[in-house]
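Here the structure comes first, spelled out in structure tokens, and everything after it is commentary.
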There are 2 protein chains.
Amino acid sequence: MTAKRSGARSKRPQRISQWSQPAQEPRSEPPLSRERIVATAAELLDAHGVDGLTMRRLADRLGSGVMSLYWHVDNKEDVFDLALDAVLEYRGSPQTVQSQDWRGEVVHMLEDWRASMLRHPWSASLLPRRALGPNILSRLELLSKTLSRAGVADADLNVAIWSLWNYVMGATITRAGFDLSDDDRAAAQKRLEHLSERYPTIERCRLLLDDDWDGAFRKGLGFLLDGLSPK
Amino acid sequence: MTAKRSGARSKRPQRISQWSQPAQEPRSEPPLSRERIVATAAELLDAHGVDGLTMRRLADRLGSGVMSLYWHVDNKEDVFDLALDAVLEYRGSPQTVQSQDWRGEVVHMLEDWRASMLRHPWSASLLPRRALGPNILSRLELLSKTLSRAGVADADLNVAIWSLWNYVMGATITRAGFDLSDDDRAAAQKRLEHLSERYPTIERCRLLLDDDWDGAFRKGLGFLLDGLSPK
DNA sequence: CGATTGACTCGTACGACGTACGATGCAAAA
DNA sequence: TTTTGCATCGTACGTCGTACGAGTCAATCG
């Protein structure tokens, strides 16, 4: 299970530590910088979705020429990687150095993770196909440490971590995919008429209509942690 | 929780039942048809990935003009929807009408689902952003029925189904994202040197190096089912 | 039988896109 | 003053999805 891509950042004297702290403030105004590009890219992604980010639009918004971007950034993929990691920062549960409530700590981090991704719905679907940035690795490290301290056997640790990862990613991608906005409600309803005959159980429990996503996430996470808890 | 899109298939006298059985055999040769288009699209997707499917390439491979495709298909999104559902068919565990081994049945269906998606790695990342086709709905129906018969309370049924969905989707998308092929191994290894200091626990349990994806999937699924089992 | 229809094919063209390739400007160093 | 490097950007190329309308050909109809 290795991460991928992100080889050799080219030209530009390389930032001090390859991937350093990504964000600062937007500055006064004009001077182009990697930070400003990334921040603006994230805004554009929030506003117009994955397909709404184009190098031309990005340059427009920054008041620069399109090709100027390529001095600070390798290519569009690079912009995605940087914007993605910028959005996944975690300031842990403050200075509760190590509470004995490992379960609460795990739930807190995972719900925060999910919330961060839902605040930027493009991020969830991007994360699994990109290299793991430092911020997401920090979350994984925290998760490992907490579970380990909680008594999960080393042999089960990887499975536990990946199970939680899978659950969170699946839940968030699904949630972000079914976005509220559109008026597909009509089409969906029309489809449901056929459903009652062909998919009676789905219909009975109203699987596709329930919209308590947050509750379902929390409850399912509880079940999963029940299964993962050291016996 | 509603599905989305797939409104009004335009022109073309509409297929008998809107979404009928998608596949037949590739036919002798030339006559363009929705079935042939979808099958060829799936081949192209398997061979060249999501970005490798272009309407021009598709037409080339079919020996037709590009714009001819648009008689049978609304647009490129339509092609994705159709190809996606075509790949997700499930022929259940044969005529074990209803074994009492509900757990085995669930595991079998979910592993088959995952395997189907991994056979076509583009499918996993597409599924959450598209409308739910008939084949995936059938799987959900089967899942509902089995869990319900197993004694899962109606109040927990939705949560159980979505938890399993989330787990399978997360696992499969992640797996499909980290594709084996490339030579990023070098880059990944180089990165791991920094990791030992900054992410000791990850390093210790070799989280990113373990490549027993199948085993991890099965084991984690077991834990999740433990948590979901009616007490 | 000729005219009309409708199912189907496809060439051309348009406006996007990512980005390669120099040509520029401009500060600090020599 | 000249040189050097960072930083900016205009132009141009090849690719994409697809709108538009002109073509083909069999079945239908008067």
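Chain naming here is simple, since letters A, B, ... match the order of the sequence lines and numbering starts at 1 in each.
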Base, sugar-phosphate alone, or nothing: which one does A:Leu58 contact when heavy atoms must sit under 4.0 Å apart?
nothing
*asked:* Base, sugar-phosphate or nothing for B:Thr54? Non-hydrogen atoms, less than 4.0 Å.
replied: sugar-phosphate
d(A:Asn135 CG, A:Trp113 CH2) to nearest 0.5 Å is 12.0 Å
### Query
Can you tell me how far the CE atom of B:Met169 sits from the CG atom of B:Leu127, to the nearest 0.5 Å?
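If I round to the nearest 0.5 Å, the distance is 4.5 Å.
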Closest to the 5' end of DNA chain D, once A:Leu69 and B:Met55 are matched to their nearest nucleotides, is A:Leu69
Sorted by position of nearest nucleotide on DNA chain D, 5' first, the leading residue of B:Asn75 and A:Val66 is A:Val66
Selected nucleotide, minimal atom distance to [X] side chain, candidates [options]:
X       : options                : answer
A:Lys76 : C:dG18, D:dT18, C:dC10 : C:dG18
B:Arg56 : C:dT9, D:dA12, D:dC16  : D:dC16
A:Trp71 : D:dT8, C:dT9, C:dC17   : D:dT8
B:Ser68 : C:dG18, C:dC10, D:dG17 : C:dC10
B:Met67 : C:dG11, D:dC9, C:dT19  : C:dG11
A:Tyr70 : D:dC9, C:dT19, D:dG17  : C:dT19

Original post:
D:dC6 phosphate, OP1 or OP2: any side-chain N/O from A:His72 under 4.0 angstrom?
Top reply: no
Whole-Å gap separating [atom2] ([N]) and [atom1] ([X]):
X       : N      : atom1 : atom2 : result
A:Asp51 : C:dG18 : CG    : P     : 10 Å
A:Asp60 : D:dT8  : CG    : P     : 16 Å
B:Leu32 : D:dC25 : CG    : C1'   : 16 Å
B:Leu44 : D:dG17 : CG    : P     : 11 Å
B:His48 : D:dT15 : NE2   : P     : 15 Å
B:Arg36 : C:dC8  : CZ    : P     : 14 Å
B:Leu62 : C:dC8  : CG    : C1'   : 15 Å
B:Glu77 : D:dT18 : CD    : P     : 8 Å

### Message
Counting C-beta onward and ignoring hydrogens, is there a side-chain heavy-atom pair between B:Arg139 and B:Asp112 closer than 4.5 Å?
### Response
yes
What's the verdict on salt bridge (Lys or Arg N to Asp or Glu O under 4.0 Å) for A:Asp214 and A:Arg114, showing C-alpha distance, side-chain angles and the deciding distance?
CA-CA 10 Å; A:Asp214 294 357; A:Arg114 170 172 176 270; 3.1 Å; yes
Legend entry - Any donor-acceptor pair under 3.5 Å from A:Tyr167 side chain to A:Leu221 backbone: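 Yes.
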